[in-house]
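Note: hydrogens, waters and symmetry copies are ignored here, and every other heavy atom, side chains too, is used.
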Amino acid sequence: MADELNFETRFSKSRGMFPYVAGILGAVVAVLAFMYLTGIGREALPYSAYFERRAPAAADGSEALSLQTLTHTIEPKMVTIEGTVMNRTEDDVADLEAMIAVADKFTLPVQTVNVPVEPAPLPPMGTGAFRTTVPLGENGFGSFSINFRLADNGPFVPHKDERPDAPPALEPEPQSEK
């Protein structure tokens, strides 16, 4: 007799997976909202230690470093890049690295090198130097770019380019006809 009282509606057998998926997504959103609002688990995030290391800032709020000199020498199978950088902050900058990316004449990357800036703790208003030699491939040298960052994949440290302008090229003096 219980089998005879089976009421059929249009939702009884054709629900599919939608209610289950919607219920699971709703529960996930509710848990994430709860964790965000209460702060539970914030200290357990794997990148929280990464954000504890911050790039220094200058007293005026601008870039922390000033690129003073930058030269490169191209040889047949290698390029030597060297330069100096000044600490514009009021604190020591420890473990500073110059990250130099070299590209060939077709702008394809050749190599990226992390070079330590010496002296190791760069004093306030002090100048540090870096130098590296990068072997080139068969396509020669095209260009390079430079950025500064704290060691061990730390945050990038902004810099401003304060290299002196190149002296104007001397034009030959016109010769007078005699």
- Side chain proximity check, I100 to V134, heavy atoms < 4.5 angstrom: no
- Item | Residue pairs passing the ring pair (Phe, Tyr, Trp, His ring centres under 6.0 Å) test where at least one lies in residues 60-99, sequence neighbours excluded | H72-F141, H72-F144
- Query: About how many Å separate CG of N114 and OG1 of T132, when rounded to the nearest 0.5 Å?
  - Reply: 9.5 Å
- Non-hydrogen side-chain atoms of S66 and V85 separated by less than 4.5 Å: no
- Task: Measure the shortest side-chain to side-chain distance between V157 and L150 over non-hydrogen atoms and say whether it is less than 4.5 angstrom.
- Result: yes
- Query: With no hydrogens and no angle check, is any side-chain donor or acceptor of N139 less than 3.5 Å from a backbone partner on D104?
  - Reply: no
- Message: Show me the pairs that pass salt bridge (charged side-chain N to carboxylate O under 4.0 Å, His left out) and involve residues 56-66, at least two apart or across chains.
- Response: D60-R88
- Message: Measuring from atom CD1 of I74 to atom OG1 of T80, what distance do you get when rounded to the nearest 0.5 angstrom?
- Response: 10.0 Å
- Min side-chain heavy-atom separation L70-F130 under 4.5 Å: yes
- Task: Scan residues 65-86 for pairs that pass salt bridge (charged side-chain N to carboxylate O under 4.0 Å, His left out), counting only residues two or more places apart or in two chains.
- Result: E82-R131
- Query: Roughly how far, to the nearest 0.5 Å, is CE of M99 from CZ of F148?
  - Reply: 10.5 Å
- Ignoring hydrogens and angles, tell me if any N or O in the side chain of S143 forms a donor-acceptor pair with the backbone of A103 under 3.5 Å. no
- Query: What distance do K160 atom NZ and L67 atom CG have between them, rounded to the nearest 0.5 Å?
  - Reply: 12.0 Å
- Query: Under 4.5 Å between any side-chain heavy atoms of D152 and D95, yes or no?
  - Reply: no
- Item | pair I81-V115: side-chain heavy atoms closer than 4.5 Å | no
- Message: Whether the side chain of D92 engages the backbone of A94 through a donor-acceptor N/O pair (distance < 3.5 Å, no angle test) should be reported.
- Response: no
- Message: Show the nearest heavy-atom pair for residues A98 and V117, with the distance to one decimal.
- Response: N-CG2, 4.1 Å
- Message: Rounded at 0.5 Å granularity, tell me how far CG in D161 sits from CG in L65.
- Response: 12.0 Å
- Message: Keeping N87 on the side-chain end and P123 on the backbone end, is there a donor-acceptor pair under 3.5 Å?
- Response: yes
- Supply the atom-to-atom distance H159 NE2 to R149 CZ, rounded to the nearest 0.5 angstrom. 14.0 Å
